[in-house]
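Report on the structure given below.
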Protein chains: 2
Amino acid sequence: MTDRTFASPDLAGDNRRSALERKLGHYMTLTYSERDALRWLERRERRYAAGSVVLHENEETDALHVVASGWLHGSTRLPDEARQILRFYFVGDLTTTFSIAWGVSAATLTAVSDCTLYEFPRDALWRIFSEHPRLAGLFYGVAASEQVAMADRLTSVGRTDAITRIGKLLLDIRSQLRVVDGESGSTFELPLTLQDLGDAVGLTKTHVSRTLKKLEDQRLLERDGRIIRIVDVAELASRVGFEDRYGHIATDWLPDAAPR
Amino acid sequence: MTDRTFASPDLAGDNRRSALERKLGHYMTLTYSERDALRWLERRERRYAAGSVVLHENEETDALHVVASGWLHGSTRLPDEARQILRFYFVGDLTTTFSIAWGVSAATLTAVSDCTLYEFPRDALWRIFSEHPRLAGLFYGVAASEQVAMADRLTSVGRTDAITRIGKLLLDIRSQLRVVDGESGSTFELPLTLQDLGDAVGLTKTHVSRTLKKLEDQRLLERDGRIIRIVDVAELASRVGFEDRYGHIATDWLPDAAPR
DNA sequence: CGCTAATTTGATTTTCGTCAATGAACGTGG
DNA sequence: CCACGTTCATTGACGAAAATCAAATTAGCG
């Protein structure tokens with residue numbers, strides 16, 4: 001439990017059920033042919049060490065990725081060197097949305113933990129769209145839910161104070177790492193610096209430090225190095241107004257059986 | 001030119017070339033059958049007066065919309081009554097992303113000007129996805145570009161000061177209204193209150209007032225009631241680091257001719 | 001063990017928010 | 001057509017949250 005980063009390599013053999021398949025299968029029952037199609041996106045495996053950059057902002061690329069293990073973040077930099085972390089990517093996520101709309105990436109993709117990605121070309125995405133419309137619809141739905149997640153972050157940054165922003169961010173990350181420890185508590189490794197946290201929610205590292213201390217003083221949080229323990233998830237969630245939107249998206253507009 | 005709001009009603013007859021068709025046709029050459037399919041989304045016309053609410057946050061709905069004329073915004077409200085305006089919608093935009101992923105809308109959709117929308121059920125979207133994969137791909141690309149636009153707003157709110165936020169927002173709106181008046185200058189009607197502007201960029205109405213005054217003092221902006229004139233677009237753009245990302249999205253991963 | 005990067009803490013400044021009052025614009029009804 | 005009320009914009013005084021600047025301390029890593 002101390003090092004989540006390396007939770008998957010040895011399991012990888014078992015997990016060859018495909019990261020995408022497991023995530024999307026949770027939303028909708030997939031046909032064999034759809035599963036096959038998803039596995040086609042996961043033929044080229046790449047490994048990245050924690051902290052390494054997978055793709056630079058404005059870099060020209062044809063490659064898209066599925067996260068197989070570990071996590072990453074997408075960020076952008078302003079002329080004055082300020083950085084905004086736009087979102088995080090977890091197992092089963094596609095990193096298409098910042099690069100599919102243009103020839104270049106709109107964000108820098110950085111590995112937070114050691115991670116494994118599957119790389120595939122844009123053409124492969126076309127294959128899915130042309131032959132598996134239900135998957136295309138699901139991709140669209142997932143993109144929509146990601147847009148809502150970013151809207152939540154925007155609301156947090158634009159309209160709430162430091163404690164709420166940090167609290168929400170930690171709950172959000174916890175929720176996506178899905179590490180539950182005991183009844184209401186939750187422990188996980190957070191390999192992010194204060195600078196990273198600040199860049200995600202629009203605060204300076206100095207103020208993030210003070211804010212985390214406040215959360216500790218209020219007995220909502222415990223820290224031991226990179227290990228974070230949210231003492232009472234429900235309490236913190238209600239305090240900062242966190243609502244977990246993941247885990248479900250509507251597929252009722254897609255037919256049940258496989259078409260064609 | 002004084003009243004953009006009413007620019008389209010009389011043109012509407014001519015514009016029955018379909019708002020979506022004109023927008024998407026700009027990105028990619030569409031086949032006749034694709035054009036037809038898009039027009040199928042525009043059979044039920046609805047009109048909304050400026051300020052009226054099209055759809056409430058958390059409201060259950062099956063309806064999706066295409067903007068035919070006018071503009072709108074999507075917003076969300078926090079328990080403490082604070083509001084965040086998440087994005088604006090202009091002619092040719094789809095309002096699907098906040099409602100397709102769940103049975104309820106994740107945002108309140110409000111008409112900024114008088115506007116005309118085309119309403120269609122989710123099933124109609126499936127029709128497109130199943131029969132016109134290139135359009136599905138294009139929808140996906142558009143959703144991705146919208147995500148990048150929201151990422152830009154997040155960066156603006158999280159990492160820049162009041163002048164930059166407001167300046168960027170005005171340039172953004174101007175750019176989407178695409179009303180150019182003269183060489184480098186630009187005049188348009190802005191039917192938003194200071195509260196609205198503040199809710200879009202995370203500032204109070206009081207501070208928005210002061211910020212607009214500063215922009216005027218610096219001869220970057222002129223105001224006359226609801227009429228805004230950006231004195232020198234290029235100058236303001238470089239001052240606040242605005243980059244116009246609209247007008248183009250990549251379609252090279254989609255085949256040229258119609259498939260099937 | 002020592003170097004570097006990250007964190008913590010304090011002092012101070014800045015930006016933006018809050019509160020409150022005034023004024024202008026607009027629409028409505030008498 | 002004017003009086004009135006409502007909403008919105010402006011302005012000023014003040015306060016609070018977060019940024020900045022600057023050490024000092026700690027943790028991580030080779």
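Remember, it's a predicted structure, so these values are computed and weren't measured experimentally. A, B, ... follow the sequence lines: proteins, then strands. Residue 1 opens every chain.
- Across the protein-nucleic acid pair, A:L194 atom CG and C:dA6 atom C1' stand 7 Å apart, rounded to whole Å.
- Heavy atoms of A:R223 sit under 4.0 angstrom from primed sugar atoms or phosphate atoms, though from no base atom.
- Separating the CD1 atom of B:I227 from the C1' atom of C:dA25 is a distance of 15 Å, rounded to the nearest angstrom.
- In this structure, CD of A:E216 is placed 14 Å from C1' of C:dT9, rounded to the nearest angstrom.
- B:E81 has its CD atom 18 Å from the C1' atom of C:dG17, to the nearest Å.
- The separation between B:Q195 atom CD and D:dA9 atom P is 9 Å, rounded to whole Å.
- Distance CG (B:D224) to C1' (C:dC26): 15 Å, rounded to an integer number of Å.
- Separating the CG atom in A:L177 from the OG1 atom in A:T187 is a distance of 12.0 Å, to the nearest 0.5 Å.
- Among the atoms of the strands shown, only primed sugar atoms or phosphate atoms (P, OP1, OP2) are found under 4.0 Å from some heavy atom of A:K213.
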B/S/- contact track for nucleotides 15-27 of chain D, protein heavy atom under 4.0 Å: ---BBBB------
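- Comparing the helix axis at one end of the helix from C:dC1-D:dG30 to C:dG30-D:dC1 with that at the other, each defined from 5 consecutive pairs, gives an inter-axis angle of 50° (nearest 10°).
- Around CZ of A:R223, the count of heavy atoms belonging to other residues, nucleotides or ligands within 6.0 Å exceeds 12.
- A:L190 places its CG atom 14 Å from the P atom of C:dA6, with the value rounded to the nearest Å.
- With salt bridges taken as basic N to acidic carboxylate O contacts below 4.0 Å, one links A:D93 and A:R87.
- Closest non-hydrogen pair, B:L169 versus B:A200, comes out as CD2-CB, 4.0 Å.
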Test log, rule side-chain contact (heavy atoms from CB on, under 4.5 Å), inputs A:Q176 and A:W71: CA-CA 10 Å; A:Q176 301 211 58; A:W71 51 303; over 6 Å; no
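- Contact detail for B:E146 and B:K23: the closest heavy-atom pair is OE2-NZ, 4.5 Å.
- The minimum heavy-atom distance between B:A49 and B:A111, with the atom names listed, is O-CB, 3.5 Å.
- Atom pair A:L197:CG and C:dT7:P shows a separation of 8 Å (rounding to whole Å applied).
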Worked check of salt bridge (Lys or Arg N to Asp or Glu O under 4.0 Å) between B:R219 and B:D232: CA-CA 9 Å; B:R219 307 254 143 262; B:D232 185 340; over 6 Å; no
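- Nearest heavy atom pair, residue A:L86 against residue A:R153, reads O-NH1, 3.9 Å.
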